[in-house]
Enquirer: 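Quick one: this structure, given as structure tokens, is what I'll be asking you about.
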Amino acid sequence: MKLVSACLAGCHCRYDHGSLEHEAVLALICEGRAVPVCPEQMGGLTTPRLPAEIIGGTGEDVLDGRARVVNSAGDDVTAQFLAGAREALRMAQAVGATEAILKERSPSCGSAAIYDGTFSGVRVPGEGVTAALLRRHGIRVTSEESLAHRTGDC
Ligand code: SF4
């Protein structure tokens, strides 16, 4: 079983109320092989919401208290991001997920790259808070960019 980012499955849970609809992710859900989660909503943030970025490090650093997550108005939303990561982990463990396919570059879900905390579109290597927590618990995390595009039968 896999976890997938809910926004990749067409849920309008992104900060701007948008969604993405990745066909291969939808196919996994249709086949009963994946469960969608949105850590930011599960952590208590509203939709729509202001965009947020990690300041001073990566998701690993946030887990260890060395970095914070801040939105574009300067509000500290670290607690909500940590809560959402814990909820996503709980769901992963509940369904026996061994893998997660999450939205690249998100401060929660990014697995190889995130934004640098300046809200200027600069990408840096690193992972989001949820991706980091899942990996700490032995779950393999990749992104939609690793999936071949295909259409499901359902
Ligand atoms: S990238 Fe993750 S946290 Fe952001 S909207 Fe998608 S599922 Fe939710």
Side-chain angles (χ1 to χ4, degrees), residues 1-30 33-55 57-63 67-73 75-95 97-137 139-147 149 152:
M1 185 63 77
K2 307 178 198 305
L3 283 195
V4 293
S5 290
C7 58
L8 295 175
C11 293
H12 291 81
C13 53
R14 283 167 56 88
Y15 73 94
D16 59 358
H17 207 215
S19 68
L20 293 158
E21 277 212 31
H22 193 289
E23 288 181 354
V25 169
L26 283 171
L28 286 169
I29 295 169
C30 285
R33 297 165 57 202
V35 172
V37 294
C38 176
E40 290 174 27
Q41 286 191 338
M42 293 162 80
L45 293 170
T46 58
T47 303
R49 54 189 172 275
L50 292 173
E53 297 190 3
I54 298 173
I55 308 274
T58 67
E60 280 282 325
D61 298 309
V62 174
L63 293 181
R68 300 180 301 135
V69 190
V70 174
N71 69 20
S72 58
D75 303 318
D76 190 320
V77 288
T78 306
Q80 291 93 328
F81 273 68
L82 287 169
R86 286 192 294 268
E87 288 297 300
L89 174 63
R90 199 155 62 87
M91 185 60 68
Q93 292 172 333
V95 301
T98 56
E99 188 180 346
I101 301 166
L102 304 182
K103 175 71 186 77
E104 194 58 278
R105 292 180 288 284
S106 154
S108 290
C109 292
S111 58
I114 53 175
Y115 291 104
D116 73 346
T118 63
F119 295 92
S120 56
V122 177
R123 301 172 185 178
V124 292
E127 60 201 349
V129 180
T130 293
L133 187 65
L134 294 176
R135 282 177 170 155
R136 281 194 181 181
H137 287 78
I139 295 168
R140 180 170 175 263
V141 184
T142 58
S143 79
E144 78 283 7
E145 295 176 358
S146 68
L147 282 174
H149 281 269

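Just follow the structure's listing: the first ligand is 1, and inside any ligand the first atom is 1.
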Enquirer: Donor-acceptor pair, distance only, cut-off 3.5 Å: does the side chain of H17 make one with the backbone of C13?
Expert: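 No, because the side chain of H17 does not come within donor-acceptor range (under 3.5 Å) of the backbone of C13.
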Enquirer: Which ligand 1 atoms, with their elements, are less than 4.0 angstrom from a heavy-atom of C13?
Expert: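 In order of number, 5 (S).
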Enquirer: Just to check, does R49 reach to within less than 4.0 Å of ligand 1 when the distance is taken from its heavy atoms?
Expert: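 Contact present.
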Enquirer: To which protein heavy atom is atom 6 (Fe) of ligand 1 closest, and what is the distance rounded to 0.1 Å?
Expert: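 The protein heavy atom lying closest is C7 SG, 2.3 Å.
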Enquirer: Hey, which atoms in ligand 1 end up nearer than 4.0 Å to a heavy atom of P39?
Expert: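 Heavy-atom distances to P39 below 4.0 Å select 2 (Fe), 3 (S), 7 (S).
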Enquirer: Using a 4.0 Å cutoff against the non-hydrogen atoms of R14, which atoms of ligand 1 qualify?
Expert: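 Close to R14: 5 (S).
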Enquirer: Give a yes or no answer on whether the side chain of S72 reaches the backbone of L50 with a donor-acceptor pair at less than 3.5 Å.
Expert: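 Pair absent, no side-chain N/O of S72 close to backbone of L50.
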Enquirer: Whether the E127 and S111 side chains hold a donor-acceptor pair (N or O, under 3.5 Å, no angle test) is what I'd like checked.
Expert: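 Absent: no donor and acceptor within the cut-off.
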Enquirer: Would you mind running through ligand 1 and noting each atom that sits below 4.0 Å from a heavy atom of V37?
Expert: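 In order of numbering, the contacting atoms are 7 (S).
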Enquirer: In plain terms, say whether R136 and E60 are close enough for a salt bridge, that is, a side-chain N and a carboxylate O under 4.0 Å apart.
Expert: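 Yes.
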Enquirer: As an exercise, identify every atom of ligand 1 less than 4.0 angstrom from a heavy atom of K103.
Expert: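 Selected atoms, number and element: 1 (S).
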Enquirer: Measure the distances from the heavy atoms of T47 to every atom of ligand 1 and state whether one is below 4.0 angstrom.
Expert: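 It does not, in that no heavy atom of T47 comes within the 4.0 Å cut-off of ligand 1.
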Enquirer: Any atoms of ligand 1 less than 4.0 Å from a non-hydrogen atom of C38? List them with their elements.
Expert: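 Answer, ordered by atom number: 3 (S), 5 (S), 7 (S), 8 (Fe).
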Enquirer: For ligand 1, which atoms sit closer than 4.0 Å to a heavy atom of S106?
Expert: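 Listed by number with element: 1 (S), 4 (Fe).
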Enquirer: Indicate if the distance from atom 2 (Fe) of ligand 1 to the nearest N, O or S atom of C109 falls below 2.8 Å.
Expert: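 Checking atom 2 (Fe) of ligand 1 against C109, an N, O or S atom does fall under 2.8 Å.
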Enquirer: Is a side-chain N or O of R135 found less than 3.5 angstrom from the main chain of V141, in a donor-acceptor match?
Expert: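 Answer holds: yes.
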Enquirer: Taking all non-hydrogen atoms of both residues into account, name the closest pair between G117 and E53 and its distance.
Expert: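 Nearest pair, atom of G117 first, then E53: N-OE1, 2.8 Å.
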Enquirer: I'd like to know if R105 and E145 make a salt bridge, using a cut-off of under 4.0 Å between side-chain N and carboxylate O.
Expert: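 The answer is yes: the pair qualifies as a salt bridge.
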Enquirer: Hydrogens and angles aside, do R49 and T47 bring a side-chain donor and acceptor to less than 3.5 Å of each other?
Expert: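 Checked: R49/T47 side chains pair up, N/O donor to acceptor below 3.5 Å.
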Enquirer: Which atoms of ligand 1 are found less than 4.0 Å from any heavy atom of A6?
Expert: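 Close to A6: 7 (S).
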